[in-house]
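Worksheet for the structure shown next.
What you see is a predicted model, and the numbers here were worked out from it, not measured in a lab. So you know, we letter chains A, B, ... as the sequences are listed, proteins then strands, and number each from 1.
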Amino acid sequence: MSPKISIQQVGKVFGEGSHRVEALKDVSLDIADNEFVTFVGASGCGKSTLLRIIGGLEYHTAGEVLANGQPVMGPGADRAMVFQHYSLYPWLRVMENIKFSRRLRHGRENLTSAEVEAASGRADALLSLMGLNAATHAWPNELSGGMQQRVAIARALMGRPEILLMDEPFGALDAQTREVMHDLILHVHRLEKPTLAFVTHDVEEAIYLADRVVLMAPRPGRIDTIYQVPLPAEREQDMKHTPEFLRLKKEILARIRETSGMETDQNMLDQLNMQEAI
Amino acid sequence: MPSRPGARPRRPGMWAIRGPLSSRQYWLFAALGLLAPLGLWWVVSSGATVDKVFLPGPVDVFNRLIKWYAEDDLLSDMGISIYRVTTGFLVSAVIALPLGLLIGTFRPVQAVLEPLTDFIRYMPAVAFIPLVMLWVGIEESSKIAIIFIGTFFQMVLMMAEDVRRVPLAQIEAAQTMGATRGESVKLVIFQSAKPALLDTLRVTMGWAWTYLVVAELVAANSGLGYSILKAQRFLQTDKIFVGILLIGLIGLVMDQLFRLAHRKAFPWLHLRS
């Protein structure tokens with residue numbers, strides 16, 4: 001079966017001349033239908049840029065990206081995206097936010113009345129799925145950060161995207177809320193069966209959620225290692241304490257440190273300490 | 001001082017840094033802030049040595065207000081001034097709004113219009129009076145034109161900035177839901193910028209009023225600004241006071257109306273206090 005997302009020798013260069021930065025170089029990766037792939041790596045490794053290229057929000061300067069076998073030419077409803085924050089519409093109540101795509105021509109065209117009715121039912125179902133029933137008529141800025149992200153996810157799912165892209169969606173949440181969101185997104189993944197590409201800086205999160213963890217390295221941004229997660233498909237919080245999980249976490253963290261260029265920082269730190277000693 | 005067992009920290013007083021102020025206290029201080037200058041004015045002006053032409057007292061000013069209302073048709077002066085300010089302001093707003101939206105959304109439009117607008121806005125509106133008289137004439141439209149010149153260029157730049165402040169994530173979220181460029185502008189950028197745009201209108205309305213007196217320099221024979229200028233010629237200092245205070249008062253009322261509209265139109269921004 002052909003991959004859902006196919007990234008072929010993708011490169012991305014920002015700026016020109018002395019400002020030229022090679023954000024991505026020769027990145028190739030296939031993501032299968034309904035797969036859950038997480039991206040981790042030191043800052044500057046281009047993981048967010050890669051996700052944005054798949055979403056069509058950034059253009060690549062080399063190679064090719066295929067989604068559903070079609071070259072990515074720009075953003076589209078088949079690839080919904082969830083951002084870290086500031087993406088909800090504060091002037092719309094929760095339900096109206098979720099139904100936002102219904103206001104778009106693309107969401108209205110060629111619909112039978114049965115489909116329109118089904119859409120209303122879907123909005124209600126998503127509201128329940130995300131545990132938002134009590135917040136249906138609330139304004140987004142009345143909600144906690146965790147609840148706001150639930151709305152953002154529900155809104156992204158509304159148009160039944162086959163691919164869901166998430167850019168550090170839980171990065172601003174506290175640890176407890178994040179755990180709840182992890183199990184929620186796994187549930188959504190099982191139920192709605194989207195192909196999921198998920199960028200994070202939290203290695204534990206990356207392992208717990210994913211079928212595969214893609215570790216990227218900076219300067220130039222590239223794929224360093226791909227880890228198959230050795231856990232059963234049904235995840236439970238307790239698995240975070242199993243030896244396999246801890247071993248993989250340790251291995252990935254060590255590799256991120258190795259690829260981050262932090263050795264030079266350590267040298268600088270030593271120098272500073274010496275100066276202080278004098 | 002050693003702390004006693006059971007001692008609790010007290011509620012911070014109003015003089016704590018960013019301390020609390022109950023609404024009763026707020027109005028008390030606000031009244032103080034308004035009445036103190038009035039009292040000071042009254043005391044200074046009632047001193048025997050102060051000439052009424054130099055500084056009329058509150059009572060003189062009030063009497064002049066009554067006289068102006070009864071004998072010199074104050075209401076039509078106010079009406080014509082409000083008409084000029086509002087028209088100049090509305091013409092500005094109607095043109096500035098789409099331009100600000102375009103400048104804040106499309107970089108080429110920004111590159112063409114923003115440096116130009118920046119340049120023009122530093123030109124003093126007052127200095128345009130001879131040109132306005134030459135080109136627009138001395139009819140009502142010339143007064144409106146001066147108010148337009150004084151407010152429009154600032155308004156465009158501020159509105160463009162309001163539009164630019166719309167979070168990129170809001171726009172990109174719409175794009176990944178299948179929004180076209182037009183839909184992104186109409187359903188996201190404009191909607192998101194609306195509260196800031198209304199605030200910009202409120203602020204620039206104040207500027208429109210400051211250009212009223214300048215506008216009524218141009219061959220006017222009515223209006224609050226014109227009356228102030230005429231009173232100067234006849235040394236009617238009390239009438240100058242009435243005119244200035246009325247302009248301030250009308251401005252204050254309009255400002256409050258804008259704030260009320262903001263609360264009504266954008267309830268999600270006024271959920272607490």
Side-chain angles (χ1 to χ4, degrees), chain A residues 51-52 54-58 67 72 74-94 96-109 137-143 148 151-153 155-161 163-169 172, chain B residues 97-98 100-101 104-108 110-111 159 161-202 258-273:
Chain A
L51 196 77
R52 291 171 58 79
I54 301 170
L57 297 173
E58 202 87 67
V72 168
D78 56 328
R79 285 154 289 131
M81 189 137 164
V82 177
F83 301 81
Q84 188 171 351
H85 43 206
Y86 303 129
S87 79
L88 287 184
Y89 301 137
W91 61 93
L92 298 176
R93 294 176 189 270
V94 165
E96 296 167 310
N97 258 286
I98 293 174
K99 284 177 164 175
F100 179 80
S101 56
R102 313 291 308 157
R103 295 171 176 232
L104 305 174
R105 188 159 44 98
H106 144 87
R108 287 196 310 261
E109 252 172 16
H137 301 295
W139 299 110
N141 59 6
E142 289 179 288
L143 303 178
Q148 290 190 7
V151 180
I153 294 168
R155 187 180 63 177
L157 291 169
M158 182 68 196
R160 295 185 195 277
I163 296 168
L164 187 58
L165 307 169
M166 305 185 90
D167 192 0
E168 302 203 22
Chain B
L97 192 65
L101 205 55
T105 306
F106 299 109
R107 293 299 300 275
Q110 182 192 352
M159 285 180 162
E161 189 54 33
D162 294 337
V163 170
R164 260 196 296 272
R165 287 224 185 95
V166 172
L168 186 60
Q170 289 183 357
I171 302 165
E172 291 183 334
Q175 290 173 333
T176 64
M177 284 185 272
T180 62
R181 199 167 41 176
E183 285 171 332
S184 298
V185 172
K186 200 177 96 192
L187 297 176
V188 178
I189 298 178
F190 180 54
Q191 299 301 326
S192 187
K194 258 192 201 166
L197 290 170
L198 187 64
D199 265 331
T200 291
L201 287 178
R202 181 173 62 81
F258 268 107
R259 285 177 197 274
L260 182 71
H262 203 279
R263 279 196 296 277
K264 291 287 171 214
F266 313 119
W268 64 91
L269 293 172
H270 304 274
L271 293 171
R272 300 263 178 285
S273 67

Pick whichever of [options] has the most heavy-atom pairs under 4.5 Å with chain B.
{"options": "A:Ala152, A:Ala80, A:Gly74", "result": "A:Ala80"}
{"options": "A:Pro75, A:Gly55, A:Gly159", "result": "A:Pro75"}
{"options": "A:Ala138, A:Gly56, A:Gly76, A:Pro161", "result": "A:Gly76"}

Interatomic distance, A:Met81 atom CE to B:Gln175 atom CD [nearest 0.5 angstrom]: 11.0 Å

Gap separating the OG1 atom of B:Thr176 from the CD1 atom of A:Ile163, nearest 0.5 angstrom: 12.0 Å

Derivation of the side-chain contact (heavy atoms from CB on, under 4.5 Å) call for A:Tyr89 and B:Leu187: CA-CA 10 Å; A:Tyr89 301 137; B:Leu187 297 176; over 6 Å; no

Is it the backbone or the side chain of [X] that comes under 4.5 Å from a heavy atom of chain B, or both, or neither?
{"X": "A:Tyr86", "answer": "both"}
{"X": "A:Arg155", "answer": "both"}
{"X": "A:Leu92", "answer": "neither"}

Residue-level contacts of residues 192-200 of chain B with chain A, using a heavy-atom cutoff under 4.5 Å: B:Ser192

Closest approach of B:Gln170 to A:Pro90 (non-hydrogen atoms, all atoms of both residues): NE2-CD, 3.5 Å

Partners passing salt bridge (Lys or Arg N to Asp or Glu O under 4.0 Å) against A:Glu142 (at least two apart in sequence or in another chain): none

Stepwise side-chain contact (heavy atoms from CB on, under 4.5 Å) check, A:Asn141 with B:Leu271: CA-CA 9 Å; A:Asn141 59 6; B:Leu271 293 171; 3.4 Å; yes

A:Phe83 side chain near B:Leu168 side chain, heavy-atom distance below 4.5 Å: no

4.5 Å side-chain heavy-atom contact, B:Phe266 and A:Trp91: no

